[in-house]
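One structure below.
Order of the sequence lines fixes the chain letters, A, B, ..., with proteins taken first and strands second; residue numbering starts at 1 for each chain.
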There are 2 protein chains.
Amino acid sequence: MVTRTALERREQARFAFEKWLADCPGRQLLDRIGDRWTCLLLRALSDEEQRYSDLLRRVPGVSQKMLTQTLRSMERDGLVSRRITPSVPIRVDYELTELGHSLLPVVDVISAWASVHMSEVNQAREAYDDALQENLEEDLRSA
Amino acid sequence: MVTRTALERREQARFAFEKWLADCPGRQLLDRIGDRWTCLLLRALSDEEQRYSDLLRRVPGVSQKMLTQTLRSMERDGLVSRRITPSVPIRVDYELTELGHSLLPVVDVISAWASVHMSEVNQAREAYDDALQENLEEDLRSA
DNA sequence: CCGTATCCAAAAGGATACTG
DNA sequence: CAGTATCCTTTTGGATACGG
């Protein structure tokens, strides 16, 4: 019989769960587009290919590090293609692949829901925070 | 003339950008559903209301802390409603609001794209990593 | 021009123990 | 039963400096 400590069993269970989670396709996609820049880059590249320096200017606030990192992982996942022109100075263009294009409708659906309903969310948020505030003050008075 | 240091100007620019980013509805929604548990909970609650302890069991791997935290922020944002039955022992049920329900088609679109295309993404990923590995070995040989 | 490398701060999230 | 509180690790992403 194999002896296992509680820790080992937990590690094992956790590993199995992580595996299950990684297999859930929707979760994987959210890991992919849920970060700070991927969606913005998809949009920035939706119409035409762009060179690195243009993206750096067109996407407000992105740092060189994050631009490179995000573009690399998008390339790795087959969402963009990277074309190098070894001129002087060097020029690199990024373009959405077919797979990348197929993702645009999805982000459109997300944006559409957001532009319709996000105000409701923000209202709910304010109402919730106000109510919380009231309760706090009430607690203070009764104390 | 107002004198400002470079640091102040950067802070200012950054603040303005954060504001712009916060105003982008799509980005806000991704911040909302892009976390580890929100989508899973939306699905778990899609059919019928569930009590806290059921959710804890039905959603594999979620901790008490994250369940409570996620449920709270969903409630704050008007996606779920919370009903307390002060019996002994106490009972708390969570139910999707109308707003929460309206989000289900969105996560369906995400899941749909994922179940169709995620295998392509994984293939691209492997191909990319393999190519990278080949290059590494080549570099070693030439060294 | 197009990156890489390094360091660092903030945030997310898990483990565990405790409470009304 | 339904949480809170605390501690800790991991991940994310920004700032800065340097390189081909």
Side-chain angles (χ1 to χ4, degrees), chain A residues 5-15 17-18 21-22 27 30-41 49-75 80 82-94 132 139, chain B residues 5-11 13-15 17-18 21 27 30-41 49-75 80 82-94 132 139:
Chain A
T5 66
L7 186 79
E8 280 170 337
R9 262 181 282 111
R10 256 185 289 116
E11 295 275 311
Q12 171 107 2
R14 175 173 173 150
F15 181 77
F17 168 65
E18 293 291 342
L21 205 61
R27 177 67 243 161
L30 283 170
D31 279 342
R32 169 68 280 189
I33 64 172
D35 64 33
R36 205 147 205 75
W37 303 112
T38 299
C39 274
L40 265 2
L41 286 179
E49 68 175 358
Q50 302 280 335
R51 50 190 303 189
Y52 183 86
S53 45
D54 289 333
L55 287 172
L56 206 53
R57 269 188 298 274
R58 287 165 59 105
V59 180
V62 70
S63 64
Q64 275 197 334
K65 177 189 171 185
M66 288 318 294
L67 181 57
T68 302
Q69 197 173 106
T70 308
L71 284 171
R72 279 284 183 284
S73 73
M74 288 172 80
E75 189 197 2
V80 303
R82 177 165 174 269
R83 194 163 44 82
I84 306 169
T85 310
S87 51
V88 182
I90 195 176
R91 169 191 182 118
V92 181
D93 288 274
Y94 290 90
L132 212 70
D139 289 352
Chain B
T5 67
L7 186 78
E8 280 170 336
R9 261 181 283 111
R10 257 186 287 115
E11 295 275 311
R14 173 169 176 153
F15 181 77
F17 169 65
E18 293 291 343
L21 206 61
R27 179 66 243 162
L30 282 171
D31 279 344
R32 170 67 281 188
I33 65 172
D35 64 33
R36 204 147 208 77
W37 304 111
T38 299
C39 274
L40 264 2
L41 286 179
E49 69 176 358
Q50 302 280 334
R51 49 191 303 188
Y52 184 87
S53 46
D54 288 333
L55 287 171
L56 207 53
R57 270 187 298 274
R58 288 165 59 105
V59 180
V62 71
S63 64
Q64 275 196 334
K65 177 190 171 184
M66 288 318 294
L67 182 57
T68 302
Q69 197 174 106
T70 308
L71 248 15
R72 278 283 184 284
S73 73
M74 289 172 80
E75 189 196 3
V80 302
R82 177 166 176 268
R83 194 162 44 82
I84 306 170
T85 310
S87 52
V88 181
I90 194 177
R91 169 189 183 118
V92 180
D93 289 273
Y94 291 89
L132 211 72
D139 289 353

| Rounded distance in Å - CG (B/Leu56) to P (C/dG14) | 12 Å

| said: How many whole angstroms separate atom CG of B/Leu67 from atom C1' of C/dT16? | reply: 17 Å

| note | The residue, A/Pro89 or A/Arg72, whose nearest nucleotide of DNA chain C is more 5′ is A/Pro89

Atom pairs, protein N/O to nucleotides 6-12 of chain C N/O, distance under 3.5 Å:
none

| request: Please list, chain by chain and in numerical order, all residues satisfying side-chain hydrogen bond (donor to acceptor under 3.5 Å, both in side chains) with A/Glu49, sequence neighbours excluded. | output: A/Arg83

| request: Kindly write out the residues that satisfy salt bridge (Lys or Arg N to Asp or Glu O under 4.0 Å) with B/Arg72, not counting sequence neighbours, or none if the list is empty. | output: none

| Interatomic distance, B/Gln50 CD vs D/dA2 P [rounded to whole Å] | 12 Å

| Gap between atoms CG and P, on B/Asp93 and D/dA2 respectively (whole Å) | 8 Å

| note | Picking from C/dA17, C/dG14, C/dG3, the nucleotide nearest the side-chain atoms of A/Val92 would be C/dG3

| message | Any side-chain N or O of B/Tyr52 below 4.0 angstrom from OP1/OP2 of D/dT4? | response | no

| said: Taking only side-chain N and O atoms of A/Ser53, does any of them lie within less than 4.0 angstrom of OP1 or OP2 on C/dC2? | reply: yes

| field | Sequence neighbours excluded, every pair satisfying salt bridge (charged side-chain N to carboxylate O under 4.0 Å, His left out) that has a member inside residues 56-69 of chain A | value | A/Asp54-A/Arg57

| CD/B/Gln64 to CG/B/Leu55 distance, rounded to the nearest 0.5 angstrom? | 12.5 Å

| In whole Å, what is the span from the CD atom of B/Gln64 to the C1' atom of C/dT19? | 12 Å

| note | Axis-to-axis angle for the helix from C/dC1-D/dG20 to C/dG20-D/dC1, ends of five pairs each, to 10°, equals 40°

| request: Not counting sequence neighbours, which residues clear salt bridge (Lys or Arg N to Asp or Glu O under 4.0 Å) with A/Arg82? List them please. | output: none

| query | With respect to the phosphate group of D/dA2, does any side-chain polar atom (N or O) of B/Arg57 fall under 4.0 Å of OP1 or OP2? | reply | no

| query | Would you say the side chains of B/Ser73 and B/Arg32 form a donor-acceptor pair under 3.5 Å? | reply | yes

| task | Look at A/Arg82 and C/dC2 and indicate whether a side-chain polar atom (N or O) is within less than 4.0 Å of OP1 or OP2. | result | no

| note | Value for CZ (A/Arg27) from CG (B/Leu40), rounded to nearest 0.5 Å, stands at 7.5 Å

| field | Between CG on residue A/Asp35 and CE on residue A/Met66, distance to nearest 0.5 Å | value | 6.5 Å

| Straight-line distance of B/Gln50 CD to B/Leu56 CG, nearest 0.5 Å | 12.0 Å

| query | What integer distance in Å separates A/Ile84:CD1 from C/dC2:C1'? | reply | 10 Å

| message | I want to confirm an ordering. Mapping A/Gly34 and A/Ile90 to their closest nucleotides on DNA chain D, which one lands closer to the 5' end? | response | A/Gly34

| note | d(B/Thr68 OG1, B/Tyr52 OH) to nearest 0.5 Å is 3.0 Å

| query | Whole-Å distance between C/dG13 P and B/Leu71 CG? | reply | 14 Å

| task | Rounded to the nearest angstrom, tell me the gap between atom CG in B/Leu55 and atom P in D/dA2. | result | 10 Å

| Looking at A/Arg51, does any N or O in its side chain come under 4.0 Å of the phosphate oxygens OP1/OP2 on C/dC1? | no

